[in-house]
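Predicted model only: the values in this text are computed from it and were never measured. Indexing begins at 1, ligand by ligand and atom by atom, following the structure's order.
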Amino acid sequence: MRVTINQIKEMKQKGEKIVMLTSYDYSTAKLVEDVGVPMILVGDSLGMVVLGYETPIPVSMDVMIHHTKAVVRGTSKALIVGDMPFMTYHTSTEDAMRNAARFIQEAGAQAVKLEGGVIVADRVKRIVECGIPVMGHLGLTPQSVYQLGGLKVQAKSIDAAARLIDDAIALEQAGAFAIVLEAIPFKLAQLVTKKVSVPTIGIGAGPYCDGQVQIINDILGLFTEFVPKHAKQYAKLADAMTGAVTEYYNEVRSGKFPTEKHSFIIDDAVISELEK
Ligand code: KIV
C-alpha cells in the first residue's frame, strides 16, 4: 500500500517533517523510495533539468504521462504526484478534470499538482470532488515565468504577501491536501504554515514549512547551468560523471577497455572451423 494523503496530513499534526523530492525516471525513483522518501513529485521541472528547455512551458501532457509512468513503475510505497503542465488546467474545468484523470488512470499517480490559488480554486474543488487528490503551488510558479518577469523570489510586498495568504486559504477550502510554497520569504512561509491546516511543502521558503521539496538534479549536483540559492548540493554527480566518462573515453581510445574479461567466449574449435 502506498503512502496516503491522510498520512501526509497527519505528519503536519504530529510535527513530523515531510520529505519530498522530484524524480523523472524508473531507477532514480526506486532509489529515492528505498531511502524512505514518502512523496515523489514528477515535476514539470523535467522540461529544464531533463529535456533542456529554458522553462517548463514546452512540457506537454504526453511527456508528463510518459515520465510519471516510469516513476510509478520504479516505486510501490511512495505517493506519486504528477505535475499538471502549462495550460492543461486553465482553459476549462472539463480540461482540468480530464487531464488530472490521465495522471491517475493512465500514469498510475495518486495525486496531481497545479499552480495558482484563488484563480484555480474552482478547478481544484471539482478535481478533488471527483476523487483526485490535489497539491497546490504558490509563490514562484514557474509556468508564469514570463508574467513574473523571471524565476525570482515572490510575495515581498504587503499586497503580494496578503494575496498569497488568501490563495493558500482558497486552496485549503477547495480541498487541496498540501501546498507547495516556492521562493517566498521564510517568515511569510511560516505565517502561511500557521494559517492553513494542510501541510506546506517549501522550496526556497525557509525552514518553517511542514515539509521540503527539492529538484533531485539540484541536490545531486547534476544540473550545472545554475545552482538555485535554495538548493544544497549533497553530491557533485556532474563531476563524478565527467570523471567516469573521461576515463571510459581514454580507455577505449587506448585499447585498455574492453579486456577479454569483459567479453564472451566461444569454443576455439568453432573459430578454427570458421577460419578454414
Ligand atoms: O516542477 C517541479 O519540480 C516543481 C517543484 C519545484 C515544486 O514544481
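- Of all the atoms in ligand 1, the ones that sit under 4.0 Å from a non-hydrogen atom of G43 are 1 (O), 2 (C), 3 (O).
- The shortest contact between atom 8 (O) of ligand 1 and any protein heavy atom is with K113 NZ, 3.0 Å.
- The I203 neighbourhood of ligand 1 comprises atoms 6 (C), with distances under 4.0 Å to a heavy atom of that residue.
- Looking only at protein heavy atoms, the nearest one to atom 4 (C) of ligand 1 is L41 CD2, 3.6 Å.
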CA sep, side-chain torsions, deciding dist, call: I184, K156, side-chain contact (heavy atoms from CB on, under 4.5 Å): CA-CA 7 Å; I184 62 169; K156 291 209 306 199; over 6 Å; no
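- Taking atom 3 (O) of ligand 1 as the reference point, the nearest protein heavy-atom neighbour is S45 OG, 2.5 Å.
- We find that E33 and K30 are not joined by a salt bridge, their nearest charged nitrogen and carboxylate oxygen being 4.0 Å or further apart.
- D267 contributes atom CG, which lies 8.5 Å from atom OG of S272 (distance to the nearest 0.5 angstrom).
- Close approach to E182 involves these atoms of ligand 1, each under 4.0 Å from a residue heavy atom: 6 (C).
- Residues P56 and M48 share a closest heavy-atom pair of CD-SD, 3.9 Å.
- A salt bridge links R102 with D62; the closest basic N to acidic carboxylate O contact falls under 4.0 Å.
- Contacts with ligand 1 closer than 4.0 Å are made by heavy atoms of both the backbone and the side chain of D44.
- Listed by number with element, the atoms of ligand 1 under 4.0 angstrom from any heavy atom of T22 are 3 (O).
- Geometrically, ligand 1 and D83 share a nitrogen or oxygen pair separated by less than 3.5 Å.
- Taking CD1 of I216 as the start and CZ of F223 as the end, the distance is 14.5 Å to the nearest 0.5 Å.
- T55 and V145 make their closest contact through CG2-CG1, 3.8 Å (heavy atoms, listed as atom of the first residue, atom of the second, distance).
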